[in-house]
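Have a look at the structure below, then the notes.
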Amino acid sequence: MPKISSKTIDAVTEMTDIVSLVENYTRLEKRGANWWGCCPFHNEKTPSFNVVPDKRMYYCFGCHKGGGTINFLMEMEKLSFTEAVERLAKNAGIEVIYEGGSYVPDESAKLKDEILELYGKVAGSFHYLLTQSPTGKKALDYLLSRNVSPEIIGKFNLGYSPKDRYWLHKFLLSKNYSESLLEKTGLFSKNYKNIAFFSDRLMFPICDRHGKTIAFGGRILDGEGAKYLNSSDMPQYKKGETVFAFHHALSEIRKSKSVILCEGYMDVLAFFQAGIENAVAPLGTALTPEQVKLLKSFADIFYLAFDSDKAGQEASYKAIKICRSLGVNVRVLNLKEGKDPAEILQKKGKEGLKLLLEYAIVDDDYLIQIASMRFDISSPEGKAAAIAFLFPYIEVLESDIQRESAISKLSSAFGVSQQAIFGDYTNREKKALRHIVDEVKQKPVNIRMNAELRLVLAVAANTDLFSRLRSELSPDDFEDFYARHLFIVLEECYRDGAYTYANLMHRCGEEKLKEIVSQTISKGEFAENSEKVVDDGINFIKQNILQKQKDKIIGRLRLLHGEKNADTVNLTKELMEEKKNIDIQLKQLKGKVYD
């Protein structure tokens, strides 16, 4: 295969601003000579991703990914080295010189480029039919009736797909596109290769972060059929990883550090029409974690602008849980003046949409409102159901402080004590844990190496140390399924006086566990310092057990804070004494040194 010349590579590296490149994927802030931001390769809230401009390199102190300009683009866009250099060279206006011939892209890369080029031209043709041809008058009149200006129509390159379902195929053949390419574009029926997938629809080009058309959404204008159709996943397009209008909104998202999530294309246009240009929309599906990760690199606050009907409420709840699980703060727009932002723009104008943002409510207040409307909170049963409605939300909050704050709000809203709510929530968690344990027993998960498993593997490799282990710990002290299982296997071998390798393997049962035990013993991983590994492991587990007991006591003390009756005062004293004893034990364990 031809090799890119070193001079080309040097020129691409020299001429590409790595800060500008990285800022296409995450928000950066300058600190001294370097730039910092949240890592685009893994989920994090505290920035640990460092870009060093003068060395043209990046490094993440969290996930340890690092490299130079070319490597960054390869990682982010899943490109080969040659593809990444080609793209950067094109952006910088550099000629790519090869040693030993010219580069010939593989078939998949070539197809992707051909589809991208074709989609761009098809989007232009649809736009022409909407704005310049009598064919698209119906679609154009619809847009104007919804207060979509010619400027917005042009900005989003909106279009119209003709009613004649054979037109597009004939048109593209006349432009010398081959039958074989057209079959692979996703623009035509899978069963009838000359019939267009989109017909008699208002067309919304869907673009990547660089503004290239990668897919389409189509809205029906009249007649029967789905209100919206969207392109299927293609080599250049993954629906669950893309949002509509991202490339238009990115600048304002960066500036405001916030993003508005809408339910549909027309809602996004409504916000832009009002001069609010940080609005985007998922693509025909519920919001996905991948879409949130894409946006959270640039936004600290997500505003949800989903419809006010029950389906919109369900979509909002799901979105809130995804956002919160990824550490994103959420506000919800109160759409009481209309069922969606597009309708509010029609009724209240631009100021109506701006007021929505000004008076957005925090997510837990929104969910409490929904629960109050859905359940009869005048009865104890209704209150219990309303409170339970918010438990999935509480579960995804990332800190005890956030959970405590949410429980406090529920207590005030429904007139139920925090202790009662916390009790119901804890019981729900216990039931969920029992269900998870049952599932694990039926379907063991992939083995993940951790301190508990290392401890029991060290004993499996040095069985004479098991008597020490069993005198300090029991199976119930282990959280890891495989560590606990291997402990029980060792106990069985110990009681039978049968510490042979064959017996140990036979009793393991699970093939993956057999594999890791076999690998550990054959590699001699714990041949040295085995006693220290075991003692350190026992110490670690004991500290972990005590720390969890302490955390539970602290949680109960928080709930009792402010209560002044005799029972709670006595209980508080008892809990404080328990905490004091645990602190003493933890201090002893942390200072313990083994000979």
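When reading the values below, keep in mind they use all heavy atoms of this one structure, side chains included, and skip hydrogens, waters and symmetry mates. Here the structure is a predicted model, which is why all the values come from computation and not from measurement.
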**OP:** Tell me, please, which residues at least two apart from Tyr317 pass ring-ring contact (aromatic ring centres under 6.0 Å, His included).
**Re:** Phe389
Original post:
Mind checking what makes ring-ring contact (aromatic ring centres under 6.0 Å, His included) contact with Tyr59, not counting sequence neighbours?
Top reply: Phe61
Original post:
Can you list every salt bridge (charged side-chain N to carboxylate O under 4.0 Å, His left out) pair that touches residues 325-334, not counting sequence neighbours?
Top reply: none
Distance (rounded to the nearest 0.5 Å) between [X] [atom1] and [Y] [atom2]:
X      : Y      : atom1 : atom2 : answer
Thr69  : Ile18  : OG1   : CD1   : 4.0 Å
Lys542 : Leu473 : NZ    : CG    : 6.5 Å
Asp480 : Asn450 : CG    : CG    : 4.5 Å
Lys579 : Leu546 : NZ    : CG    : 13.0 Å
Ile320 : Leu287 : CD1   : CG    : 11.0 Å
Ile301 : Lys296 : CD1   : NZ    : 14.0 Å

Does the side chain of [X] pick up a donor-acceptor pair with the side chain of [Y] at under 3.5 Å?
X      : Y      : value
Asn278 : Tyr303 : no
Asp551 : Gln547 : yes
Asp208 : Thr242 : no
Gln543 : Asn539 : yes

So, [X] and [Y], do they make that salt bridge, N to O below 4.0 Å?
X      : Y      : value
Lys65  : Glu75  : yes
Lys580 : Asp583 : no
Lys321 : Glu314 : no
Arg484 : Asp476 : no
Asp233 : Lys238 : no
Lys78  : Glu241 : no

Backbone N or O of [Y] within a donor-acceptor pair of the [X] side chain at under 3.5 Å?
X      : Y      : result
Arg403 : Leu397 : yes
Asn427 : Gly423 : yes
Arg209 : Phe246 : no

Original post:
For the residue pair Ser316 and Leu304, what are the closest heavy atoms and their distance?
Top reply: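 In terms of heavy atoms, the two residues are closest at O-CD1, 3.6 Å.
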Original post:
Which atoms form the tightest heavy-atom contact between Ala299 and Arg27, and what is the distance?
Top reply: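 Heavy atoms only, the tightest pair is N-NH1, 3.5 Å.
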Subject >> Aromatic plane relationship, Phe72 with Phe41 - under 30° parallel, 30 to 60° tilted, over 60° perpendicular >> reply: perpendicular
